[in-house]
Amino acid sequence: MSRSGKRQEVLQRLRSRMGQWVSGDELSAGLDISRAATSKHVAAIKQMGYVVESAPGKGYLLTKAPDLLLPDEILCGLKTLRMGCAGVVHHSLTDSTNVRARELAGEGAPEGTLVVAEEQSAGKGRKGRFWLAGKGEGLLFSLVLRPHIDPARAALITLMTAVSVAEAVISETGVPARIKWPNDILVHGRKLSGILTEMSMELDAVDYVITGVGLNVNTPPSHFDHTLADIATSLFAETGSPFCRVSLLQAILTRFESCYDILVNEGPESILDRWKSLSDIIGRRVKVDLVRGEVEGVVSDIDADGVLCVTDAAGTSHRILSGDVIYLD
Ligand code: BTN
């Protein structure tokens, strides 16, 4: 086992008995490390922000874990087989986790590589917009995917991610998250989370997909600037309670992996059904702003490729691959 593997194991042993004394012998059992090495590992763990007491004859006592998206924290108790397990890269500050993940993917990073950040200086939203979030207040992460799917169906990954995020939010927090096509998670009409999916192709096949998620977790309402005050929300703003970002991320990754496997191995039908039950868009009158022009009409369906189908007043059906939807009623 590598040095960092041993440190992770020491941390896992302390974490699994948080609030209880653990002897030096218990911490080092089977790891082939000396007393001095054990205490060095504990010192490194404290350096990461964990509060660990030590006392002769008693051993070590973990009393507090840092509220950071550290790889060890995320991996401890994570129940996925690939998402996150292929490697977690943590940034205190970076420009954009999507940019970092793209870089890693270009260097050959495996599927499931996860990039997380406490803060982004140039968080990317759709259509050249920015994603703004205060340091340590939310979840900002990107996953490297290498799906064997037709590039024309890559939009389904955005829809599938939206299902994972919305379902995890509902089950972990009870907040009634809803999906607005294609990639917004709303609560009572305000945006809680956004998803940015970017794809790289080689010939006619998908080389990699980066799916990036921004989710406002513990943002106090006063921290949304004047451009966001009326349109954004956070889990804290909705409930008045703070949430553990690591647990929420673990829940999202678990659901994401299961939805992704269904999408890639079985096809989109059941994911689309789940998407539709989390969305209130079907049957609604909408205006969709397109790159050129706009379409107004009633949403008749989301088709098997995740495309929005709108029927206008003249009865013409429009298949919309990308655009901004405005609800008209
Ligand atoms: C949108 O709603 O327009 C999409 C927002 C996506 C934001 C996330 S934050 C983590 C990841 N890194 C980025 O630069 N963007 C995505």
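Numbering of ligands and ligand atoms starts at 1, following listing order.
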Worksheet item: Going by distance alone, is a donor N or O of one side chain under 3.5 Å from an acceptor N or O of the other, for Ser96 and Asn98?
Response: no
Worksheet item: Do Glu26 and Ser23 have side-chain atoms, one donor and one acceptor, less than 3.5 Å apart?
Response: yes
Discussion item. Please determine whether the number of non-hydrogen atoms from other residues, nucleotides or ligands lying under 6.0 Å from atom CG of Asp225 exceeds 12.
Written reply: yes
Practice prompt. Tell me the residues surrounding ligand 1, counting only those with a heavy atom closer than 4.0 angstrom, sorted by chain and number.
Written response: Ser96, Thr97, Asn98, Gln120, Gly123, Lys124, Gly125, Arg126, Trp131, Leu140, Phe141, Ser142, Asn183, Asp184, Lys191, Gly194, Ile195, Leu196, Gly212, Val213, Gly214
Worksheet item: When you measure from the centre of the six-membered ring of Tyr327, is the NZ or CZ of Arg284 under 6.0 Å away and within 45° of the axis?
Response: yes
Worksheet item: In Å, rounded to the nearest 0.5 Å, how long is the span from CZ of Phe141 to CG of Leu114?
Response: 7.0 Å
Worksheet item: Hey, what else clusters with Leu27 if you join Ile, Leu, Val, Met, Phe, Trp, Tyr whenever side-chain heavy atoms sit under 4.5 Å?
Response: Met1, Val10, Leu11, Leu14, Met18, Val22, Leu31, Ile33, Val42, Ile45, Met48, Tyr50, Val52, Tyr60, Leu62, Leu68, Leu70
